[in-house]
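Every heavy atom of this structure was used, including side-chain atoms; hydrogens, water molecules and symmetry mates were not. For reference, positions follow the sequence shown, starting with 1.
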Amino acid sequence: MSVSKLFTEESVAAMGSGPLYVRLRRLLEDAISGGALGEGAALPTERDIAELTGLSRVTVRRAVDDLVKQGRLIRRHGSGTFVAPSVSRVEQSLSLLTSFTEDMARRGLSARSEWLERVVVAPSPDEMMVLGLSVGDTVSRLERLRIADDVPMAIERASIIGSFLPDPASVTDSLYDALDMRSARPCRATQRISARNVDEREAKLLKVAPGEAALYIERVSYLPNGRVIEFTRSIYRGDAYDFVAELKIPER
């Protein structure tokens with residue numbers, strides 16, 4: 001479909017009721033979902049869209065801003081606005097204790113991280129309770145944005161007993177590889193998964209809209225001797241992950 005046929009006053013009016021920017025946003029969403037605007041396609045300028053649809057540039061800007069916040073459109077300075085690549089869903093087994101780096105490598109995806117925090121601090125009450133720490137103990141906190149093929153996938157906040165990881169800056173890629181070098185790689189874990197909505201900070205990091213559905217996971221990992229070593233809380237994009245568990249019928 002040509003741009004002149006896609007962006008018209010009639011096509012905007014056909015998007016139902018509601019504010020004009022919402023109708024235009026629906027029009028853009030339908031065009032992206034239906035393939036009329038494919039991945040990497042360049043949008044007309046906001047001025048051109050305004051002229052074609054009879055809308056104000058403020059209305060057009062608000063509709064485009066919403067889709068940029070949702071990660072469906074990308075603005076490139078000096079180049080324009082483009083349809084963002086679609087997010088491929090990742091299927092992760094709940095029966096294996098593996099790192100994000102290992103998970104992505106098995107799927108042929110290029111994994112990297114952006115560090116948000118790496119510090120040694122006094123444990124919080126939650127960390128003291130879960131990790132079995134006392135006053136005077138320390139934890140190494142590592143928070144990072146997990147990225148696969150340039151798509152932000154998760155925000156991971158790991159707390160490790162300080163004596164097992166005294167220098168969190170030594171973790172450059174895989175946390176489990178760093179622990180393995182200190183003979184402290186966990187061998188089993190328990191996970192609790194729940195649904196929640198991302199806040200403003202999380203939405204900005206994950207390139208989704210504030211309030212978007214996400215998966216919140218708490219993981220507690222253990223050493224072979226049964227001692228807890230890791231307490232990790234993560235936010236996974238709800239549109240990017242499927243968690244799969246194998247179920248067995250109990251013997252009678």
Side-chain angles (χ1 to χ4, degrees), residues 89-107 109 111 113 115-135 137-146 148 152-166 168 171 173-199 202 205-206 213-251:
R89 297 188 71 86
V90 172
E91 185 176 288
Q92 181 173 334
S93 172
L94 292 176
S95 60
L96 296 175
L97 179 57
T98 54
S99 69
F100 179 87
T101 303
E102 293 166 337
D103 286 336
M104 297 305 107
R106 285 202 305 270
R107 290 163 177 79
L109 301 178
S113 299
W115 288 104
L116 306 174
E117 183 181 54
R118 282 185 288 184
V119 294
V120 177
V121 293
S124 68
D126 284 347
E127 290 167 335
M128 291 179 68
M129 180 177 66
V130 174
L131 295 172
L133 299 176
S134 304
V135 176
D137 290 331
T138 62
V139 294
S140 289
R141 285 190 197 144
L142 304 95
E143 182 180 33
R144 52 186 164 174
L145 179 65
R146 295 298 218 163
M153 303 289 277
I155 302 168
E156 180 184 89
R157 307 176 182 98
S159 299
I160 306 295
I161 295 175
S163 59
F164 288 101
L165 188 66
V171 181
D173 189 7
S174 171
L175 171 60
Y176 283 4
D177 282 352
L179 291 174
D180 199 15
M181 292 178 64
R182 300 181 63 86
S183 299
R185 183 183 178 111
C187 65
R188 67 182 182 89
T190 59
Q191 289 194 144
R192 182 185 298 273
I193 303 175
S194 58
R196 57 165 282 186
N197 303 106
V198 296
D199 59 26
E202 293 163 346
L205 290 170
L206 294 173
L215 294 171
Y216 175 70
I217 300 178
E218 284 190 357
R219 183 172 69 234
V220 179
S221 302
Y222 301 82
L223 295 174
N225 64 7
R227 181 171 184 182
V228 175
I229 184 174
E230 174 197 14
F231 177 37
T232 294
R233 289 142 291 180
S234 303
I235 297 290
Y236 287 83
R237 285 178 60 148
D239 63 346
Y241 265 85
D242 288 322
F243 287 91
V244 180
E246 180 181 353
L247 304 179
K248 295 182 179 181
I249 298 175
E251 298 181 0

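For the pair Leu206 and Ile155, the minimum side-chain heavy-atom distance is below 4.5 Å. At least one side-chain heavy atom of Leu116 sits less than 4.5 Å from a side-chain heavy atom of Leu205. Between Glu218 and Val130 the shortest side-chain heavy-atom distance does not fall below 4.5 Å. Under the 4.5 Å side-chain criterion, counting only non-hydrogen atoms from C-beta, Leu131 is not in contact with Asp137. Proximity of Leu223 to Phe164: side-chain heavy atoms (C-beta onward) are separated by under 4.5 Å at one or more points. Put simply, the side chain of Val135 reaches to within 4.5 Å of the side chain of Met128, judged on heavy atoms. No side-chain heavy atom of Arg141 sits less than 4.5 Å from a side-chain heavy atom of Pro168.
Residues passing the side chain to side chain donor-acceptor pair (under 3.5 Å) test with Glu117: none are found, sequence neighbours excluded. Scanning for side chain to side chain donor-acceptor pair (under 3.5 Å) contacts around Ser234 gives an empty result, with sequence neighbours left out. Residues passing the salt bridge (charged side-chain N to carboxylate O under 4.0 Å, His left out) test with Arg157, sequence neighbours excluded: Glu143, Glu202. Judged as a salt bridge (charged side-chain N to carboxylate O under 4.0 Å, His left out), and not counting sequence neighbours, the contacts of Arg233 are Glu127. Ser183 pairs by the side-chain contact (heavy atoms from CB on, under 4.5 Å) definition with nothing, not counting sequence neighbours.
Remark: Ile229 CD1 to Ile161 CD1 distance equals 6.0 Å, nearest 0.5 Å.
For the pair Arg182 and Ser163, the tightest heavy-atom approach, listed with the atom from each and the gap, is NH2-O, 3.9 Å. In this structure, Ala178 and Val171 approach most closely via the heavy-atom pair CB-CG2, 3.8 Å. Nearest approach of Thr138 to Pro123, heavy atoms of both residues: CA-CD, 4.1 Å. The shortest non-hydrogen separation linking Val120 to Pro166 is CG2-O, 3.5 Å. The nearest pair of heavy atoms linking Ala158 to Leu175 is CB-CD2, 4.0 Å. The two residues Arg227 and Asn225 make their nearest non-hydrogen contact at N-OD1, 2.9 Å.
When each of Arg188, Gln191, Glu230, Arg185 is checked for a side-chain hydrogen bond (donor to acceptor under 3.5 Å, both in side chains) with Ser221, only Glu230 meets the rule.
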